[in-house]
Protein chains: 2
Amino acid sequence: MAIIRNTIAKKAVFEIIQVNKTAMSQTEIFAKVNNICDRVTVYRILERLVKEMKIHKIVNVNGVINYAPCNSCSHEQHVHHDHLHFSCTNCKKLTCISDNHIELNIPSNYQVSEVFLTVSGICPECLIIT
Amino acid sequence: MAIIRNTIAKKAVFEIIQVNKTAMSQTEIFAKVNNICDRVTVYRILERLVKEMKIHKIVNVNGVINYAPCNSCSHEQHVHHDHLHFSCTNCKKLTCISDNHIELNIPSNYQVSEVFLTVSGICPECLIIT
DNA sequence: TACAATTATGCAACATTGTTGCGTTTATAA
DNA sequence: TTATAAACGCAACAATGTTGCATAATTGTA
Ligand SMILES: [Zn+2]
Ligand SMILES: [Zn+2]
Ligand SMILES: [Zn+2]
Ligand SMILES: [Zn+2]
């Protein structure tokens, strides 16, 4: 069942996430939708897009949940978005680093479903400036 | 300067974190201190213990910050607590997996300071039950 | 096109987590 | 014992995320 509707607000939210270079929080996304819909609606749209695996959640190092498109996510083997994220302590930008192979030798008695890997530090752009 | 005081509340909080097998949130820790101090005091004690590198923060996959003792953290090279964490979707326990070497080949134009690595799934204990 | 079914939304209210200011208390060193 | 800075309690606030319910909008079908 569960017919998926492509509403104006949903298209707008997805477009914003697609276009943006870095991951965004609900607050940032809501600020960009120009009051096309309610704050709560944005939350619910984000939930749906995650469920549809069009975007993925990234918990930033401060605990705020961010969203990025699933362009480079591997959704095989029930292990989702197993790529690296970089959180810059200077510009606060959170970036997906997709071209990066991660080798995790997790003990075999653990059943892995998702990998959350975020590295903090200074991003290349901020390194040039300083 | 900055004299470190070992108050009753601080000792209690550290003891709780030390004894517990898994990482705990401020809410869980506060529930265990038996009203020995205020909720805000727990937050401030946790901040201090992190600064003193006796405990480390782990942001759980839901965004809630958890705390665990720094028994197995490597504090060399300014790269802190570079070990794996496991977040069980069933029992909700967050565990430090210290006996695990992580190999990350992060692009050299990024200046890394901290590594946050959490894997979600089913922990060994919950796998046995089901 | 009209209608029915159900998905999606707005609004208000609430919950949780974490923070700040400020006056008071307490631990520690001299 | 006393001075001093660290630690605390309390109240208020801020940010983020959630829930219930009535209403609106979308989509398939007659
Ligand atoms: Zn930066
Ligand atoms: Zn990503
Ligand atoms: Zn478990
Ligand atoms: Zn740990």
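Chain letters run A, B, ... following the sequence lines, proteins first and then strands; every chain starts at 1. Values reported hereafter were calculated over all heavy atoms of this structure, with side chains retained and with hydrogens, waters and symmetry mates removed.
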**Request:** Have a look at Ile36(B) and say if it touches a base, only the backbone sugar-phosphate, or nothing, with a 4.0 Å heavy-atom cut-off.
**Result:** sugar-phosphate

**Message:** Does Thr27(A) reach a base, just sugar-phosphate, or nothing at all? Heavy atoms under 4.0 Å.
**Reply:** sugar-phosphate

**Item:** Residue Glu47(A), side-chain atoms from C-beta onward, closest of dG18(C), dT26(D), dT18(D)
**Value:** dT18(D)

**Asked** Taking the side chain of Asn6(B) as heavy atoms from C-beta outward, which of dT28(C), dT7(C), dC11(C) is closest to it?
**Response** dT28(C)

**Message:** Parallel, tilted or perpendicular, judged at 30° and 60°: which one describes the rings of His83(A) and His56(A)?
**Reply:** perpendicular

**Message:** Judged by each residue's nearest nucleotide on DNA chain D, which is more toward the 5′ side, Arg44(A) or Ser25(A)?
**Reply:** Ser25(A)

**Request:** Return no unless some side-chain N or O of Thr7(A) is found under 4.0 Å from OP1 or OP2 of dA25(D).
**Result:** no

**Asked** Looking at the side chain of Arg39(A), which of dA13(C), dC8(D), dA6(D) is the nearest nucleotide?
**Response** dA13(C)

**Asked** Between Glu52(A) and Lys10(A), is a salt bridge (charged side-chain N to carboxylate O under 4.0 Å, His left out) present by the stated rule, with each step listed?
**Response** CA-CA 12 Å; Glu52(A) 295 167 20; Lys10(A) 190 181 171 190; 2.8 Å; yes

**Request:** Using atom CD of Glu28(A) as one end and atom P of dG17(D) as the other, report the distance to the nearest whole Å.
**Result:** 11 Å

**Prompt:** Considering heavy-atom distances to DNA chain C, does Val64(B) or Val40(B) have its closest nucleotide positioned more toward the 5' end?
**Reply:** Val64(B)

**Asked** Over how many whole Å does the gap from Asp38(B) atom CG to dC22(C) atom C1' extend?
**Response** 14 Å

**Item:** For atom NZ of Lys57(B) and atom P of dT17(C), their distance in whole Å
**Value:** 15 Å

**Message:** Of the listed nucleotides (dT18(D), dG10(C), dT9(C)), which one gets closest to any side-chain atom of Tyr43(A)?
**Reply:** dT18(D)

**Request:** To the nearest Å, give me how far apart CD1 (Ile3(B)) and P (dA30(C)) are.
**Result:** 8 Å

**Asked** What heavy-atom pair brings Leu49(B) and Val13(B) nearest, and what distance separates the two atoms?
**Response** CD1-CG1, 4.1 Å

**Prompt:** When the distance from CD of Gln26(A) to P of dA15(D) is rounded to whole Å, what number comes out?
**Reply:** 13 Å

**Message:** On the nucleotide dG9(D), are OP1 or OP2 found under 4.0 Å from the side-chain N or O atoms that Thr41(B) carries?
**Reply:** yes

**Request:** Rounded off to whole Å, could you give me the CG-to-P distance for the Asn35(B) and dC8(D) pair?
**Result:** 15 Å

**Request:** Select base, sugar-phosphate, or nothing to describe what Arg48(A) touches, counting heavy atoms under 4.0 Å on all strands.
**Result:** sugar-phosphate

**Item:** Between dG18(C) (P) and Met24(B) (CE): distance, integer Å
**Value:** 14 Å

**Complete:** When rounded to whole Å, the CD1 to P distance for the pair Ile65(B) and dA15(D) reads 16 Å

**Complete:** Result for 5'-nearest mapping on DNA chain D, choosing between Asn62(B) and Arg5(B), is Arg5(B)

**Item:** Closest approach of Asn6(A) to Lys11(A) (non-hydrogen atoms, all atoms of both residues)
**Value:** O-CE, 3.7 Å

**Minimum-distance pair of heavy atoms, taken over all atoms of Leu104(A) and Val119(B)** = CD1-CG2, 4.3 Å

